[in-house]
2 protein chains.
Amino acid sequence: MKNNITESSKCNAEDFPSVDGLRMTRQRSEVYSVLMSYRDHPTAGEVFERAKENMPTISLATVYNCLEALVQHGAVRQVNFERESSRYCPNLTEHGHFHDEESGKIIDVPLKKGAKLSDLLDLPEGAEIDNLEITLRGKISNN
Amino acid sequence: MKNNITESSKCNAEDFPSVDGLRMTRQRSEVYSVLMSYRDHPTAGEVFERAKENMPTISLATVYNCLEALVQHGAVRQVNFERESSRYCPNLTEHGHFHDEESGKIIDVPLKKGAKLSDLLDLPEGAEIDNLEITLRGKISNN
DNA sequence: TCAATAATTAGAATTATTCTAAAAATAGCT
DNA sequence: AGCTATTTTTAGAATAATTCTAATTATTGA
């Protein structure tokens, strides 16, 4: 079992034939399937490494292109942690990210149902939010 | 009047003689004063340009060094918007940032007093938050 | 004053990402 | 099916922000 993904959770490019208005090429399918299979937060480089296992001829530029296309079509989210390279996230529900300083792990942090951003923040007059990024860094004290 | 800062709001490096445990060199003072004077969110390159007006011999590497020192001593905050170059923020109160897509302006968004993060987010068990970054992107509909 | 330490500097190196231009694939006709 | 236009992929070059290096300068404290 490679990359600590179980066989049962593994899936293939053919499992994702389409994303709304995006033409599904073999490469886009492969990139999308990599993200949907592993369900973590890989960088473009990591996606490239994983994609090459199934599709050894794919290029890094294509991975960047595919990721951009997927992001623009809302199939995947791009998240940034400080100055590190962008990571890609298949979780489309509203959520933030907790970055564990000890393990390095990135954990999705769901927004509470019904909670409103305006309860936490004094938003500027007339602000229309298109995009929200919440990033937390810290430790998990597991007693 | 340059850089839309009024004379009265302008200040000099000598106005900031010390930051807690940080040795205040001329360059660090200058960089700090640039941030405190303009109170916006300049990139390292922009800080460099502004600092050169008073101190033409300062180098970009030094600006990076000074900014890093100031950030590490909690005198200034480093904020990141997507993949853009880091910006530096002199506002030490807890706040997020709203990035206006039309004007490009960055607006500080204060956290509401008494509001708790845990009201908005389902934080992981035992999570200890060292750092919180909230970034909003959108438009201001000014009727 | 002098030695030890720390900061500054210019320029080289690094790294993630984007760009370029050519080749390959695909779609939409007829 | 064949042809043309459009899109995508590709390798490698280019870019840009940041960090590193090694030499110089400044500062501290004995």
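Proteins get letters first, then strands, A, B, ... in listed order; numbering begins at 1 in each.
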Handout entry: Short side-chain N/O contact to D:dT8 OP1/OP2 from A:Arg28, under 4.0 Å
Key = yes
Practice task
Examine D:dT9: is either OP1 or OP2 under 4.0 Å from a nitrogen or oxygen in the side chain of A:Thr25? Give yes or no.
Solution key: yes
Practice task
Give a yes or no on whether the backbone of A:Arg23 and the side-chain of A:Arg28 come within a donor-acceptor separation of less than 3.5 Å.
Solution key: yes
Handout entry: Interatomic distance where CD belongs to A:Glu30 and P belongs to C:dA25 [whole Å]
Key = 17 Å
Practice task
May I ask you to decide if B:Thr43's main-chain N or O and B:Glu46's side chain share a donor-acceptor pair within less than 3.5 Å?
Solution key: yes
Just distance, no hydrogens or angles: give the donor-acceptor pairs under 3.5 Å from side chains in residues 114-136 of chain A, sequence neighbours left out.
from	atom 1	to	atom 2	distance (Å)
A:Asp130	OD2	B:Lys139	NZ	2.9
A:Glu133	OE2	A:Asn80	N	3.4

Exercise for the section: Please check if the side chain of B:Gln72 supplies one atom and the backbone of B:Ala69 the other of a donor-acceptor pair under 3.5 Å. Expected result: no
Completion exercise
Between CZ of B:Arg23 and P of D:dT27 the distance, given in whole Å, is 8 Å
Handout entry: Minimum-distance nucleotide to A:Ser59 side chain [options: D:dT10, C:dT9, D:dT8]
Key = D:dT10
Exercise for the section: Using a strict 4.0 Å threshold on nitrogen-to-oxygen distance, state whether A:Glu49 and A:Lys52 make a salt bridge. Expected result: yes
Exercise for the section: Could you check how far CD of A:Glu68 sits from P of D:dT10, rounded to whole Å? Expected result: 16 Å
Completion exercise
A:Leu67 CG to D:dT8 P, in whole Å, measures 15 Å
Fill in the blank from the handout: Taking five pairs at each terminus, the helix from C:dT1-D:dA30 to C:dT30-D:dA1 shows an axis bend, to 10°, of 30°
Problem - Separation between OH of A:Tyr88 and CG of A:Leu67, rounded to the nearest 0.5 Å - result: 5.0 Å
Practice task
May I ask whether A:Leu70 and A:Ile58 are part of the same hydrophobic cluster, defined by side-chain heavy atoms of I, L, V, M, F, W, Y residues being less than 4.5 angstrom apart, directly or through others?
Solution key: yes
Between the protein and nucleotides 14-22 of chain D, which nitrogen or oxygen pairs come in under 3.5 angstrom?
from	atom 1	to	atom 2	distance (Å)
D:dT18	OP1	A:Arg83	NE	3.4
D:dT18	OP1	A:Arg83	NH1	3.4
D:dT18	OP1	B:Ser86	N	2.8
D:dT18	OP2	B:Tyr64	OH	2.4
D:dT18	O5'	B:Tyr64	OH	3.3

Exercise for the section: Compare side-chain N and O positions of B:Gln27 against OP1 and OP2 of C:dT9 and report whether any pair is under 4.0 Å apart. Expected result: yes
Handout entry: Ring geometry between A:His97 and A:His41 (parallel below 30°, tilted from 30 to 60°, perpendicular above 60°)
Key = perpendicular
Exercise for the section: Check the distance between D:dT8's P and A:Met24's CE and give it to me in whole angstrom. Expected result: 12 Å
Completion exercise
Rounded to whole Å, CG of A:Leu70 lies from P of D:dT8 at a distance of 12 Å
Exercise for the section: Figure out the CD/P separation between B:Glu82 and C:dA16, and round it to whole Å. Expected result: 19 Å
Handout entry: Nearest heavy atoms of B:Cys89 and B:His95, plus distance in Å
Key = SG-NE2, 3.4 Å
Practice task
Calculate the interatomic distance between B:Ile58 atom CD1 and C:dG11 atom C1'; express it in whole Å.
Solution key: 17 Å
